[in-house]
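One structure is given below, encoded as structure tokens.
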Amino acid sequence: MSTERQRLDALREHALRDIVELDRQVATGEIPETAAQRLRAEYEATAARALDALDSLDDSPDRHGRRRPGAPLARRAIYLTAGVVAVLAVAVVLPRFTAERPENGFITGNQVAQPARPQDVPRRDPSTVSNEEMEAVIARNPGVLGMRLALAERYLEQGALDRAAEHYGVGLKQQPDNPRVLAGAGRVLLAQDKPEEAARFSARALSTAPSSADALMLQAEILAPRDPRAARSIAQELTEREDLDPDVRRRADDLVRGGGLR
């Protein structure tokens, strides 16, 4: 493994651990959601930048001039639909933070977080983690929203809309004003051919966070059948954002190219 890939892997895993721990702190009332939103956006942007850079490495030709087919899509799936957050939580994060967290400790500035070096994380291909395993993790840690959303996204991609709706529904009860949860629930409704209901969720998300990429992307997907020009305009603006989540970027690129909605 190259030095640059090791650096990017370490950056990604550190950001993912921070997201898991931040969700735990919100769930236990240590940090209010309003204060956590900025931190979560920073951590997710860091993870996204690392993943984009890894995608670039994977998509670059080797010394024989060959490219690895499908690598960027596979890496996106690892983060957003195969549940890296859940894998890390099962392996080291939740047991360590839950059992040994010092009183009043914060995310990465206490004695528990400091030893959590990337080389200490057991390596496991996240694509081998089953839905059932993720369900078990969530059942033991129902307040950790990041894992729940990762699984809901996987169900949505798999077309298991009832299961996705179930997890987004729990997420809405836990954090009713979270724009990512609102947008995810709206995506389920849109997939169920309920654009008007989906639009209400998009509007709620945008009223809470007007710049939310998840909510704007949902708005574009709702508009696409009846006003494709407006939809592509929104998607085009999203593709110009540096902090865009890899999944949202893929959907925005598809819409701009007219490649369909997923």
Side-chain angles (χ1 to χ4, degrees), residues 5 8 11-12 15-16 19 40-61 66-85 126-127 149-150 152-159 161 164 168 179-193 195 198-199 201-202 205-206 209-262:
R5 184 177 297 281
L8 291 170
L11 181 63
R12 176 201 60 188
L16 291 172
I19 292 169
R40 186 180 294 108
E42 291 178 2
Y43 299 149
E44 290 179 347
T46 298
R49 285 195 297 270
L51 285 160
D52 283 342
L54 285 165
D55 285 351
S56 297
L57 288 178
D58 286 336
D59 198 39
S60 60
R66 297 186 297 251
R67 295 180 183 271
R68 292 178 57 199
L73 180 60
R75 192 172 292 282
R76 180 197 65 81
I78 285 175
Y79 177 54
L80 288 165
T81 64
V84 161
V85 174
S127 65
L149 294 184
E153 174 70 16
R154 174 188 275 190
Y155 282 137
L156 182 57
E157 293 288 337
Q158 293 173 345
L161 301 183
Y168 281 124
R180 184 180 171 197
V181 178
L182 289 165
R187 286 187 68 198
V188 173
L189 289 166
L190 186 61
Q192 294 173 332
D193 198 23
F201 277 88
S202 174
L206 289 171
S211 63
S212 167
D214 293 289
L216 288 168
M217 190 64 236
L218 173 61
Q219 183 184 58
E221 291 170 336
I222 294 168
L223 284 171
R226 65 176 187 274
D227 194 346
R229 180 175 297 181
R232 288 194 177 92
S233 177
I234 295 172
Q236 181 62 54
E237 291 183 6
L238 285 172
T239 63
E240 296 169 1
R241 289 172 53 165
E242 295 182 356
D243 62 343
L244 200 62
D245 179 280
D247 178 62
V248 177
R249 185 175 298 282
R250 172 187 63 88
R251 290 156 55 202
D253 286 340
D254 282 352
L255 202 159
V256 169
R257 291 193 302 265
L261 302 175
R262 287 183 286 172

*When rounded to the nearest 0.5 angstrom, what is the spacing between CZ in R249 and CD in E240?*
10.0 Å
*Taking the side chain as every heavy atom from C-beta outward, state whether D253 and R250 have any atom pair closer than 4.5 Å.*
no
*What residues, two or more places apart in sequence or in another chain, satisfy side chain to side chain contact (heavy atoms under 4.5 Å, CB included) together with R226?*
I222, L223
*Does the pair M217 and L255 meet the rule for a side chain to side chain contact (heavy atoms under 4.5 Å, CB included), with working shown?*
CA-CA 10 Å; M217 190 64 236; L255 202 159; 3.7 Å; yes
*Do the non-hydrogen side-chain atoms of E157 and D247 ever get within less than 4.5 Å of each other?*
yes
*Quick one: closest heavy-atom pair of A215 and A205, and the distance?*
CB-CB, 3.5 Å
*Could you please spell out the steps behind the side chain to side chain contact (heavy atoms under 4.5 Å, CB included) verdict for R180 and D245?*
CA-CA 11 Å; R180 184 180 171 197; D245 179 280; 6.0 Å; no
*asked:* Once side-chain hydrogen bond (donor to acceptor under 3.5 Å, both in side chains) is applied, do any residues pair with T239, and if so which ones, sequence neighbours excluded?
replied: Q236
*Nearest heavy-atom neighbours spanning A198 and G186*: CB-O, 3.3 Å
*asked:* Can you give me the closest heavy-atom contact between L161 and V188, atom names plus distance?
replied: O-CG1, 3.9 Å
*asked:* I want to check something: taking the side chain as every heavy atom from C-beta on, are D227 and R229 in contact at a cut-off of under 4.5 Å?
replied: yes
*pair E153-L149: side-chain heavy atoms closer than 4.5 Å*: no
*asked:* For a quick test of reading the model, state the closest non-hydrogen atom pair linking A213 to L244 and the distance between them.
replied: CB-CD1, 3.6 Å
*Applying side chain to side chain contact (heavy atoms under 4.5 Å, CB included), name anything that partners A185, two or more places apart in sequence or on another chain.*
Y168, L172, F201
*For L156 and A164, work out which heavy atoms get closest and say how close.*
N-CB, 3.9 Å
*Looking only at non-hydrogen atoms, find the nearest pair between Q219 and S202 and report the distance.*
CB-OG, 3.5 Å
_Minimum side-chain heavy-atom gap R251-L238 below 4.5 Å_ = no
